[in-house]
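So the structure is just underneath, and the comments pick up after that.
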There are 2 protein chains.
Amino acid sequence: MKVLPEKTVERLSKYRRILNVEYERGERYIFSHELANLLHLTSVQVRRDLMLIEYSGSHKRGYEIKSLIEHIGNIIDPKGDINIVIVGMGNFGKAIAHYFNKRGKHYKVIAGFYRNASHCSTVFDGIPCLPISELQDFIQKNDVKMGVITVPPQQAEIVMHQLVEAGIKGILNYTPKPLKVPEGVFLEEYDVITSFEKVNYFIG
Amino acid sequence: MKVLPEKTVERLSKYRRILNVEYERGERYIFSHELANLLHLTSVQVRRDLMLIEYSGSHKRGYEIKSLIEHIGNIIDPKGDINIVIVGMGNFGKAIAHYFNKRGKHYKVIAGFYRNASHCSTVFDGIPCLPISELQDFIQKNDVKMGVITVPPQQAEIVMHQLVEAGIKGILNYTPKPLKVPEGVFLEEYDVITSFEKVNYFIG
DNA sequence: ACAATTATGTTAGATGTTTAACATTGCAAA
DNA sequence: TTTGCAATGTTAAACATCTAACATAATTGT
Ligand SMILES: NC(=O)c1ccc[n+]([C@@H]2O[C@H](COP(=O)([O-])OP(=O)(O)OC[C@H]3O[C@@H](n4cnc5c(N)ncnc54)[C@H](O)[C@@H]3O)[C@@H](O)[C@H]2O)c1
Ligand SMILES: NC(=O)c1ccc[n+]([C@@H]2O[C@H](COP(=O)([O-])OP(=O)(O)OC[C@H]3O[C@@H](n4cnc5c(N)ncnc54)[C@H](O)[C@@H]3O)[C@@H](O)[C@H]2O)c1
């Protein structure tokens, strides 16, 4: 299958979560317009996305929820588990760690890293909290695939380099500092302040 | 001026933050390619954005940082302060509240709302923490313009309706539950899980 | 068996965004 | 002056994404 558009991948993630909810509710089939309504999209968009992943439905019953969930999983899920580290165990890093600790199925936050021991005890929420000096060694020994950056912005770049050098292939940057990663590493950035300012602008 | 593209607005926010840093460092002028490098964009994109906001630079010295900061501010900043409420003072809501409490210049988080008193004392970080029953009254009495939703996903829709009915014009939804707002209200959504799954997909 | 219905599947056009190409300007050195 | 340069400013093409139009197929009632 060809590489999917970013927006389609994002929606696949959302489709699946909604589909799981519907399945739990006892539903077994769903129409494109139903799925679309739940996500506030159009049915065309849903069908187009499913076309791209080469999934077919039935004309009279729509899509079979269970097999669609599996089909999406085959595309967007990792083979085994994905080990994740969070660098910067402050307010934000801890919130994320806590969140994935409860919910993440394939995504395992297996360590957090800090610079000042004062900010983090040796264990947070069952996750070991280690000094930044042990980062690279830990990544290599534990087959860590993804890194989350939640340090103060001035530290973001150095942390990014440490992650890349240790062999990390995917980075999530929640710092307002824009980063640039080498070829072969995927970077996703989210900037809260920008979001706020954008909302304000479009309020008018 | 015509309404700006979303992506341009996002970049303006980032331009300004970088420009402030450069100004603090003592710089007074900046070239489009310098600004571009700091944000990992191209100089063309920078010039195009600045063209859209009708800002001109000098051929030999580039753009005058101070006046550009002001110019961007005139476009994306609110007239006065923007009052914000956070609905759902759990881990995530508190992290955001704390963050803006320290940093927000025009953006003031003036209250948080909870359902279970156990999760939140009456004051967090100097911000009053109120029961959800007081939400609508508070919004109207305090000219609140923006609302941040950080409740459990099942509660997101009802909270959104409460915000809209109280007259809120801009909403930030950090819940994985997709929302749909009425005409005239601007909605921005960010879904952490989707981000993680997207990174994993593009790692390969 | 066959038309009508109602959904899916596909293609082409519209829109939004980025990138590339080119024109223009102001300064500095010859 | 005037010419070259190095930057900005503008337009047009390329690319990504979304939307609309249409073709196709399975079921149901007759
Ligand atoms: N809190 C939020 O809601 C929020 C929202 C959006 C973005 N952010 C961004 O996330 C980042 C962290 O925010 P926060 O509020 O959690 O700040 P924080 O000060 O609470 O946490 C920062 C943590 O990073 C650690 N740290 C510093 N340098 C380090 C290094 N080199 N290696 C490892 N750890 C290091 C510190 O020990 C500290 O625990 C900031 O860049 C901030 O802009 C925060
Ligand atoms: N923690 C994270 O890192 C994180 C990241 C991304 C998204 N989210 C999303 O943010 C939301 C909150 O996450 P969290 O980890 O902070 O959860 P949490 O359980 O710590 O906090 C939820 C808070 O919402 C309050 N609440 C519940 N119903 C409410 C209502 N109707 N009105 C007002 N308040 C109400 C509860 O009292 C609680 O304090 C969830 O939807 C979650 O999916 C969290």
Side-chain angles (χ1 to χ4, degrees), chain A residues 1-15 19 22 27-65 67-68 71-72 178 180 186-189 194 198 201-202, chain B residues 1-15 19 22 27-65 67-68 71-72 178 180 186-189 194 198 201-202:
Chain A
M1 193 185 307
K2 260 208 302 210
V3 60
L4 300 168
E6 286 206 20
K7 298 292 182 184
T8 294
V9 174
E10 289 176 16
R11 281 190 297 269
L12 288 176
S13 163
K14 292 174 203 282
Y15 293 155
L19 290 169
E22 293 303 299
E27 300 291 329
R28 291 298 175 264
Y29 285 87
I30 195 166
F31 291 118
S32 62
H33 64 264
E34 294 174 323
L35 187 49
N37 285 341
L38 291 166
L39 283 138
H40 310 300
L41 305 169
T42 68
S43 62
V44 180
Q45 203 161 34
V46 171
R47 291 202 298 279
R48 211 180 181 293
D49 286 333
L50 299 190
M51 188 194 86
L52 290 176
I53 62 171
E54 294 163 13
Y55 185 83
S56 296
S58 129
H59 283 84
K60 269 294 175 233
R61 287 176 302 176
Y63 302 94
E64 211 255 299
I65 294 179
S67 80
L68 178 49
H71 192 91
I72 293 175
K180 163 128 178 206
F186 187 85
L187 171 69
E188 175 83 359
E189 301 193 302
T194 291
K198 183 175 157 188
Y201 175 82
F202 284 105
Chain B
M1 193 184 307
K2 261 207 304 210
V3 59
L4 299 168
E6 287 206 20
K7 299 291 181 185
T8 294
V9 174
E10 289 177 16
R11 282 190 297 267
L12 289 176
S13 162
K14 292 174 202 281
Y15 292 155
L19 290 170
E22 293 304 298
E27 300 292 328
R28 290 299 175 262
Y29 285 87
I30 194 167
F31 291 118
S32 62
H33 64 263
E34 292 174 323
L35 186 49
N37 286 342
L38 290 166
L39 284 138
H40 309 299
L41 304 170
T42 67
S43 62
V44 181
Q45 203 160 34
V46 170
R47 290 203 300 278
R48 209 180 183 293
D49 286 333
L50 299 189
M51 187 193 86
L52 290 175
I53 62 170
E54 295 164 12
Y55 185 84
S56 296
S58 129
H59 283 86
K60 270 291 176 238
R61 287 177 301 176
Y63 301 94
E64 211 253 300
I65 294 180
S67 80
L68 178 50
H71 192 91
I72 292 175
K180 164 128 178 205
F186 187 85
L187 170 70
E188 175 83 359
E189 301 193 302
T194 291
K198 183 175 158 189
Y201 175 81
F202 284 105

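Residue numbers begin at 1 in each chain, while the letters A, B, ... track the order of the sequences.
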Quick one: [X] [atom1] to [N] [atom2], roughly how many Å, whole number?
X: H59(A); N: dT28(D); atom1: NE2; atom2: P; value: 14 Å
X: L4(A); N: dC18(D); atom1: CG; atom2: C1'; value: 16 Å
X: E10(B); N: dT18(C); atom1: CD; atom2: C1'; value: 14 Å
X: Q45(A); N: dT8(C); atom1: CD; atom2: C1'; value: 16 Å
X: L52(B); N: dG16(C); atom1: CG; atom2: C1'; value: 12 Å
X: L68(A); N: dG9(C); atom1: CG; atom2: C1'; value: 15 Å
X: R11(A); N: dT17(D); atom1: CZ; atom2: P; value: 9 Å
X: K60(B); N: dC5(D); atom1: NZ; atom2: P; value: 11 Å

Is the shortest side-chain N/O distance from [X] to OP1 or OP2 of [N] below 4.0 Å?
X: S56(B); N: dG9(D); answer: yes
X: Y63(B); N: dG9(D); answer: yes
X: R47(B); N: dG9(D); answer: no

field: From dA20(D), dT17(C), dT19(C), nucleotide with atom closest to K7(B) side chain
entry: dT17(C)

message: On DNA chain C, does the nearest nucleotide to M51(A) precede the nearest nucleotide to R61(A) from the 5' side, or the other way round? Give the residue.
response: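 Upstream on the strand: R61(A).
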
task: Please tell me which of P5(A) and G62(B) maps to the more 5' nucleotide of DNA chain D, matching each residue to the nucleotide holding its nearest heavy atom.
output: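 It is G62(B) whose nearest nucleotide is closer to the 5' end.
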
task: Output, in order, the C-alpha distance, side-chain angles, deciding distance and verdict of salt bridge (charged side-chain N to carboxylate O under 4.0 Å, His left out) for K198(A) and E188(B).
output: CA-CA 9 Å; K198(A) 183 175 157 188; E188(B) 175 83 359; 3.2 Å; yes

message: I'd like to know if R48(B) reaches the base of dT19(C) with its side chain such that a donor and an acceptor end up less than 3.5 angstrom apart.
response: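 Per atom types, the contact qualifies.
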
message: Quick check: do L19(A) and I72(A) have side-chain heavy atoms less than 4.5 Å from each other?
response: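 When only atoms from C-beta onward are counted, I72(A) and L19(A) do touch, with a gap below 4.5 Å.
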
- prompt: Hey, are the side chains of V46(B) and L50(B) touching, using non-hydrogen atoms and a 4.5 Å cut-off?
  reply: yes

Plane angle bin for Y55(B) and Y63(B) - parallel if under 30°, tilted between 30 and 60°, otherwise perpendicular: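 Judged by the thresholds at 30° and 60°, the geometry between Y63(B) and Y55(B) is tilted.
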
- prompt: Which part of the nucleic acid, if any, lies within reach of S58(A) when heavy atoms closer than 4.0 Å are counted: base, sugar-phosphate only, or nothing?
  reply: sugar-phosphate

message: Heavy atoms only, 4.0 Å cut-off, all strands: where does S32(B) land among base, sugar-phosphate and nothing?
response: sugar-phosphate

message: Within this structure, what is the CZ-NZ distance for the pair F31(A) and K60(A), rounded to the nearest 0.5 Å?
response: 8.0 Å

